[in-house]
Colleague: 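Have a look at this one.
Letters A, B, ... mirror the listed sequences (proteins, then strands); counts begin at 1. Because the structure is a prediction, the values reported are computed rather than measured.
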Amino acid sequence: MRALEPWVVQPLETFLAESGARLTLLMTSSGQVVAQHGFSRSLDVMTAAALGAAIVASTEELARLMGASGFEALVHNGQRQSCLLAAFTTPRGRWIGLVVFGPETSVGIVRLFFDQMVQQLAAVAPREQPQVPMLAENFETELDASLKALFGR
Amino acid sequence: MTATHDALDRVTRVPGVRGALVVGATDGLVVAQQLMDGIDGQAAAALTGSLVSRLGRTAEGAGLRPPAFVQLRGEAGSILAAPGPDDLVLVAVVGPDANLGLARLEMIEAAGRLA
């Protein structure tokens, strides 16, 4: 498990231990990865983050069209693997969790401990916002630094 | 009245029962529930569904038949579970003073009619 911010580690580790999730990705609503577990390639992480953020944006827009405030979570049930995608609010803004799990656990267990992780993240998040401008000229440097932190190389 | 709600009514009428749920064993989600305030149905469904599902696999691995009734006893009460057809599980949350014998009979009978 790798996280860009240290305060994310404990809640995420607890979630991973309790839920039995195979892959987990925490990202901002714009698709910037905050933490990951289980991914072995940076390309997979970036692709999953971009797709997850896009799906959440699409479903939230659908909800808005239907007059709802938003969907709590989106679950894809598969034969071998399932996927939970849920947006949540933290003191650092709106984040998205993408969790891939197998038949060794259940969507109920994953939802239960995901909700607990969201509460823990809200409790331990530092209140001050890191104001780092994400300009085009330093975007690639920032991306490289994030990938090194997330994959330890 | 559906079989699900009939089952919940039968179980919750037993003295000492604080609530009952019908849960999907595989997904751990609530199908229907009648709970007193303060009982977390989502947690009870997820954890009991997982427990019953794992116990079933354990029994199968040991060459035994799956359990017909499960009691998880704690200091402040018990969780009772009776697997039914179609991957459904009837779950009851009971206090320490509950009539467990009657609850067991009602649950096994009601779980068999779930569908």
Colleague: Taking heavy atoms only and a threshold strictly under 4.5 Å, list by residue number the residues of residues 36-48 of chain B that touch chain A; give 'none' if the list is empty.
Modeller: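 If one takes a 4.5 Å heavy-atom cut-off, the residues of residues 36-48 of chain B near chain A are B:Gln42, B:Ala43, B:Ala46, B:Leu47.
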Colleague: Would you compute the distance between atom CG of B:Asp27 and atom OG1 of A:Thr105 and round it to the nearest 0.5 angstrom?
Modeller: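 Result: 11.0 Å between the selected atoms.
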Colleague: Check this for me: A:Arg94, atom CZ, are more than 12 non-hydrogen atoms of other residues, nucleotides or ligands nearer than 6.0 Å?
Modeller: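 Correct, the count exceeds 12.
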Colleague: Should we count CD of A:Glu61 as having more than 12 external heavy atoms under 6.0 Å?
Modeller: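 Yes, because the 6.0 Å sphere around CD of A:Glu61 holds more than 12 heavy atoms from other groups.
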Colleague: State plainly whether one hydrophobic cluster holds both A:Ile96 and A:Ile55, where clusters connect Ile, Leu, Val, Met, Phe, Trp and Tyr through side-chain heavy atoms under 4.5 angstrom apart.
Modeller: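 Both belong to a single hydrophobic cluster.
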Colleague: Applying side-chain contact (heavy atoms from CB on, under 4.5 Å), name anything that partners B:Thr58, two or more places apart in sequence or on another chain.
Modeller: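 Partners of B:Thr58 under the side-chain contact (heavy atoms from CB on, under 4.5 Å) test: none.
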Colleague: Is there a chain of hydrophobic side chains (I, L, V, M, F, W, Y, each step under 4.5 Å between heavy atoms) that links A:Leu25 to A:Met1?
Modeller: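 The answer is no; the residues belong to distinct hydrophobic clusters.
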Colleague: Please output the residues of residues 113-125 of chain A in contact with chain B, using a heavy-atom cutoff of under 4.5 Å, in numerical order.
Modeller: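 Hits under 4.5 Å: A:Phe113, A:Asp115.
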Colleague: Are B:Val70 and B:Ile108 connected in a single hydrophobic cluster, I mean Ile/Leu/Val/Met/Phe/Trp/Tyr linked by side-chain heavy atoms less than 4.5 Å apart?
Modeller: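 No, B:Ile108 and B:Val70 fall in different hydrophobic clusters.
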Colleague: Going only through I, L, V, M, F, W and Y residues with side-chain contacts under 4.5 Å, is there a path from A:Leu23 to A:Val45?
Modeller: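 Both belong to a single hydrophobic cluster.
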Colleague: Could you state whether B:Val22 and B:Leu55 fall into the same hydrophobic cluster, counting links through intermediate Ile, Leu, Val, Met, Phe, Trp or Tyr residues with side-chain heavy atoms under 4.5 angstrom apart?
Modeller: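 No.
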Colleague: Atom CZ of residue position B:Arg104 - does it have more than 12 heavy atoms of other residues, nucleotides or ligands inside 6.0 Å?
Modeller: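 For B:Arg104, atom CZ is not crowded (no more than 12 foreign heavy atoms under 6.0 Å).
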Colleague: Heavy-atom count check: over 12 atoms from other residues, nucleotides or ligands less than 6.0 Å from A:Glu72 CD?
Modeller: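 Check fails, neighbour count at 12 or below.
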Colleague: Rounded to the nearest 0.5 Å, how far apart are OG of B:Ser50 and CD of A:Glu104?
Modeller: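 Those atoms lie 10.5 Å apart.
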Colleague: Report, by ascending residue number, the residues of residues 77-100 of chain B in heavy-atom contact with chain A at a distance under 4.5 Å; give 'none' if the set is empty.
Modeller: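 Heavy-atom contacts from residues 77-100 of chain B to chain A are absent.
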